[in-house]
J.: 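Right, I'll just put the structure down here and ask away after.
In what follows, residues are counted from 1 in the order of the sequence shown.
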Amino acid sequence: MNILRKKTGPFFIIASIAFIFLTLIIQYLQYNLALDKNFSQSFFNSDAVFFINMADSLKTGKSILSDWILTGAPRIFPTLILNLIIITFSENYFTAQIIIGMMQFFLFNILMILLLKFYTNLKFSLLSILIIDLFLFFSISIEPFSYLLISSHHFGNYLNFLLSCLLFFGKENNNWFYNIFKWSIIFISSFSNPIFLATFTLPYTLSSMIFEKINFLRLTLKNLFLILISILGYILGDVLFLHTDCLKCYDNTYQEMTKINFDGIYISLYHIKEFFFSHSNFLQNFFFVLSISIPIFYVIYKIRTYGFSNIFNNKKAYFFSFIILSILTNIFCFLFLTINPQFRHIYVIYFSSLFLVPIIAYKYIIHDVTKNYFNLSISSFVITTFLLFFNIDTSKKVNFSFYPDDIKFIDQVLNKYNVSHGFVSYDNGNRLLFLSRLSLSMIHYHKVKPIHLWINKKWIEKEPEFILNLNPNDFIFNNYQTLSKDHITIHILKSS
């Protein structure tokens with residue numbers, strides 16, 4: 001009986017986690033899953049759908065990677081690769097959107113379990129991730145937790161952070177293949193997002209210089225190699241996707257994530273302060289304080305208990321010190337960047353508490369958890385089932401397509417007048433490309449200036465055939481026909 005209980009306990013935990021995934025999928029298919037103002041705005045805004053649009057173009061051979069203007073954080077790995085893999089096996093891009101979100105959530109679960117397992121054990125890790133997933137489920141409309149299901153909002157950078165933590169703080173392995181893989185992850189992570197240097201490369205270098213008692217020359221070469229690999233990835237991403245100094249563009253800020261600026265430090269400091277005091281709520285700041293205070297108090301406690309000289313042998317203190325440095329460098333890197341901090345750039349200061357709390361709690365509750373694991377797993381399954389059941393609307397049907405009225409109206413007009421390329425406001429751009437049943441191309445605009453961001457370069461010089469939710473007179477067009485419905489205004493341009 002005890003053997004059976006040992007085997008079935010984890011099964012009920014895994015089943016509970018699977019039920020959370022299933023509930024999210026059902027809510028999505030019922031148009032009930034709102035991460036933002038509503039379902040449509042959550043999953044089909046111009047930011048959220050871009051990578052599927054680009055992946056589709058790459059898959060079908062309509063373009064190559066260098067045709068696209070990306071941000072200073074191109075997010076090739078894992079974001080674009082994940083999108084390419086999913087749409088290769090799915091012709092339905094509506095369902096592909098939630099599959100990509102679920103894959104991000106799944107990878108987050110796997111990496112968290114492996115990280116927790118290194119400091120606890122597997123059963124405790126499974127129970128912890130169930131509690132974490134339940135929290136995320138009920139906090140899914142709160143930034144940055146809402147970005148967990150959206151591929152475009154830099155969550156891939158946090159997945160790279162977790163993977164790098166496993167590779168560099170996990171069990172040591174001197175196998176040559178393992179080392180090549182480890183350094184390759186650093187390179188491609190830095191290439192995909194320059195903020196990775198602030199969240200992992202720099203804090204790891206600093207913490208290893210403090211904690212690793214190895215030959216000074218070996219340590220120096222190791223850290224120099226780590227920094228060199230990161231900088232090479234960072235430079236390559238900048239060179240391949242550079243689109244700065246464009247006089248036509250409305251705003252190049254996001255193309256300039258790779259530009260370090262020392263002139264506006266005081267102003268940047270003000271924006272960092274405002275982010276926490278004016279743009280963050282109590283829960284968000286609570287998780288930030290929790291993420292930074294847990295490792296600080298742990299390191300101080302260990303120093304007071306065992307002495308300063310003995311702290312260097314404590315692997316957990318080493319990892320916690322890294323987390324402290326990672327949070328600080330992630331925040332203060334914005335002193336030198338032209339962009340202000342946003343939730344999508346600083347996951348480490350919110351999500352770190354999700355693994356720090358179980359690691360700290362493990363020592364104090366593992367005896368009771370082990371003793372009552374089967375009962376805890378059964379109770380967790382029942383409670384999870386009960387909570388999730390009331391979050392599924394059984395009166396609504398599931399849908400496998402999404403064709404909102406505004407897109408349907410636009411398609412009808414464009415098809416009637418046989419036009420396919422236009423100038424559109426950014427809010428409508430990628431959203432229209434994704435949801436339209438026509439083959440379209442477009443340039444995003446902010447009033448009268450183009451936004452050369454997340455578009456195909458080949459579209460820039462094309463003459464517009466329609467203008468959507470912009471004033472054609474601003475572009476010196478005076479021969480057009482206007483059709484409107486609700487918040488959509490389409491101007492069909494006529495030949496002179």
Side-chain angles (χ1 to χ4, degrees), residues 21 24-25 28 42-111 147-164 181 184-196 233 236-243 254 344 400-402 429-437 439-442 453-459:
F21 277 66
L24 288 169
I25 292 170
Y28 176 88
S42 299
F43 289 96
F44 307 104
N45 62 71
S46 277
D47 285 348
V49 297
F50 166 71
F51 278 101
I52 285 190
N53 288 342
M54 183 171 74
D56 171 64
S57 180
L58 296 174
K59 184 191 83 168
T60 56
K62 295 176 183 177
S63 67
I64 58 176
L65 186 59
S66 60
D67 288 337
W68 292 88
I69 299 175
L70 305 178
T71 65
R75 282 158 277 180
I76 303 301
F77 179 81
T79 304
L80 177 58
I81 293 174
L82 188 61
N83 276 262
L84 277 168
I85 292 171
I86 298 301
I87 69 165
T88 298
F89 298 100
S90 175
E91 293 297 323
N92 186 332
Y93 290 177
F94 169 71
T95 55
Q97 182 76 327
I98 190 59
I99 293 171
I100 290 166
M102 288 297 101
M103 280 302 299
Q104 282 197 163
F105 198 8
F106 175 75
L107 291 172
F108 170 76
N109 271 247
I110 295 298
L111 292 171
Y147 299 152
L148 184 67
L149 302 181
I150 302 296
S151 65
S152 61
H153 288 348
H154 300 264
F155 193 75
N157 188 50
Y158 187 68
L159 295 177
N160 288 339
F161 169 83
L162 289 176
L163 177 57
S164 299
F181 176 72
S184 297
I185 291 298
I186 295 298
F187 174 80
I188 197 169
S189 298
S190 304
F191 169 75
S192 297
N193 200 320
I195 292 178
F196 181 80
L236 183 62
D238 189 31
V239 169
L240 288 181
F241 302 107
L242 184 69
H243 187 75
Y254 281 97
R344 68 183 76 183
F400 294 94
S401 64
F402 185 62
N430 288 321
R431 169 183 163 81
L432 177 57
L433 286 175
F434 182 86
L435 294 172
S436 173
R437 296 181 180 178
S439 179
L440 304 174
S441 61
M442 58 198 64
L453 174 69
W454 287 4
I455 61 168
N456 191 319
K457 296 174 188 174
K458 295 176 181 177
W459 299 344

J.: For the CD1 atom of I100 and the OG atom of S90, what is their distance to the nearest 0.5 Å?
T.: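 Taking CD1 in I100 and OG in S90, the distance rounds to 8.5 Å.
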
J.: Is it the case that the side chain of D56 and the backbone of I52 share a donor-acceptor pair, with hydrogens and angles ignored and the cut-off at 3.5 Å?
T.: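 Such a contact is absent between D56 side chain and I52 backbone.
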
J.: Check the orientation of F187 and F191. Use parallel for under 30°, tilted for 30 to 60°, and perpendicular for over 60°.
T.: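 Parallel.
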
J.: Do the two ring centres, one from F161 and one from F196, sit under 6.0 Å apart?
T.: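 Ring centroids of F161 and F196 are no less than 6.0 Å from each other.
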
J.: Are the side chains of I150 and R344 in touch, meaning some heavy atoms are under 4.5 Å apart?
T.: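 No; the side chains remain at least 4.5 Å from each other.
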
J.: Between S151 and N83, which heavy-atom pair has the shortest distance, and what is it?
T.: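 Looking at all heavy atoms of both residues, the shortest contact is OG-ND2, 3.5 Å.
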
J.: With a 4.5 Å cut-off on side-chain heavy atoms, are L84 and I81 touching?
T.: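 Sidechains of L84 and I81: no contact.
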
J.: Would you find a donor on one side and an acceptor on the other, under 3.5 Å apart, between the side chain of T79 and the backbone of I76?
T.: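 Answer holds: no.
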
J.: Decide yes or no for L80 and L65: does some side-chain heavy atom of the first lie under 4.5 Å from some side-chain heavy atom of the second?
T.: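 SC-SC contact between L80 and L65 confirmed.
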
J.: Once the angle between the rings of H153 and Y147 is folded into 0 to 90°, is it parallel (under 30°), tilted (30 to 60°) or perpendicular (over 60°)?
T.: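 Taking Y147 first and then H153, their aromatic rings stand perpendicular (interplane angle over 60°).
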
J.: Of all the heavy-atom pairs spanning S57 and T60, show the shortest one and how long it is.
T.: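 Where S57 meets T60 most closely, the heavy atoms are O-OG1, 3.4 Å.
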
J.: Taking all non-hydrogen atoms of both residues into account, name the closest pair between S42 and A48 and its distance.
T.: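 Taking S42 first and A48 second, the nearest heavy atoms are O-CB, 4.0 Å.
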
J.: Would a distance-only check, ignoring hydrogens and angles, find a side-chain to backbone donor-acceptor pair under 3.5 Å from S192 to R75?
T.: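 Not confirmed, S192 side chain does not pair with R75 backbone.
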
J.: Between Q104 and F155, is there a donor-acceptor pair closer than 3.5 Å when you use the side chain of the first and the backbone of the second?
T.: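 Not confirmed, Q104 side chain does not pair with F155 backbone.
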
J.: Do the non-hydrogen side-chain atoms of F105 and N109 ever get within less than 4.5 Å of each other?
T.: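 The answer is yes, as the side chains (C-beta and beyond) meet within the 4.5 Å cut-off.
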
J.: Over 60° means perpendicular and under 30° means parallel, so tell me whether F94 and Y28 are parallel, tilted or perpendicular.
T.: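 Answer is parallel, since the angle falls under 30°.
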
J.: Would F434 and N430 count as a side chain to side chain contact (heavy atoms under 4.5 Å, CB included) if you check the C-alpha gap in whole Å, the side-chain angles of each, and the deciding distance to 0.1 Å?
T.: CA-CA 6 Å; F434 182 86; N430 288 321; over 6 Å; no

J.: Could you report the tightest heavy-atom contact between F44 and V49, atom names first, then the distance?
T.: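 Between these two residues, the closest heavy atoms are CA-CG1, 3.6 Å.
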
J.: Could you give the distance from OH (Y158) to CG (L107), rounded to the nearest 0.5 Å?
T.: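 Y158 atom OH to L107 atom CG measures 13.5 Å (nearest 0.5 Å).
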
J.: What pair of heavy atoms forms the shortest contact from N45 to R431, and how long is it?
T.: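 Smallest interatomic distance, heavy atoms only, reads C-CB, 4.4 Å.
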
J.: Between the main-chain N or O of F400 and the side-chain N or O of T95, is there a donor-acceptor pair closer than 3.5 Å?
T.: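 Looks like no, no N/O pair under 3.5 Å.
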
J.: Give me the atom names and distance for the closest heavy-atom approach of M102 to L149.
T.: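 Looks like CE-CD2, 3.4 Å.
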
J.: Determine whether L70 and M54 make a side-chain contact, defined as any pair of heavy atoms from C-beta on separated by less than 4.5 Å.
T.: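 When only atoms from C-beta onward are counted, M54 and L70 do touch, with a gap below 4.5 Å.
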
J.: Please name the residue in the list L432, N456, I455, L433 that meets the side chain to side chain contact (heavy atoms under 4.5 Å, CB included) test with N53.
T.: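 Considering L432, N456, I455, L433, a side chain to side chain contact (heavy atoms under 4.5 Å, CB included) with N53 is found only for L433.
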
J.: Below 6.0 angstrom between ring centroids: does that apply to F51 and W68?
T.: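 Here the rings of W68 and F51 have centres that are no less than 6.0 Å from each other.
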
J.: As a test of understanding, state which of I188, L82, N193, L159 forms a side chain to side chain contact (heavy atoms under 4.5 Å, CB included) with F77.
T.: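 One option only clears the test, and that one is I188.
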
J.: Mark yes or no for whether N157, through its side chain, and H154, through its backbone, hold a donor-acceptor pair below 3.5 Å.
T.: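 Side chain of N157 to backbone of H154, a donor-acceptor pair under 3.5 Å: no, none is there.
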
J.: Between K458 and D67 (side chain of the first, backbone of the second, donor and acceptor by atom type, cut-off under 3.5 Å), is there such a pair?
T.: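 No, K458 side chain to D67 backbone: no donor-acceptor pair under 3.5 Å.
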
J.: Taking C-beta and beyond as the side chain, do F106 and I110 meet within less than 4.5 Å on heavy atoms?
T.: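 A side-chain contact exists here, since the closest heavy-atom pair is under 4.5 Å.
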
J.: Say whether, by atom type as modelled, one donor and one acceptor occur between the side chain of S190 and the main chain of I186 under 3.5 angstrom.
T.: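 Pair found, side chain donor or acceptor close to backbone of I186.
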
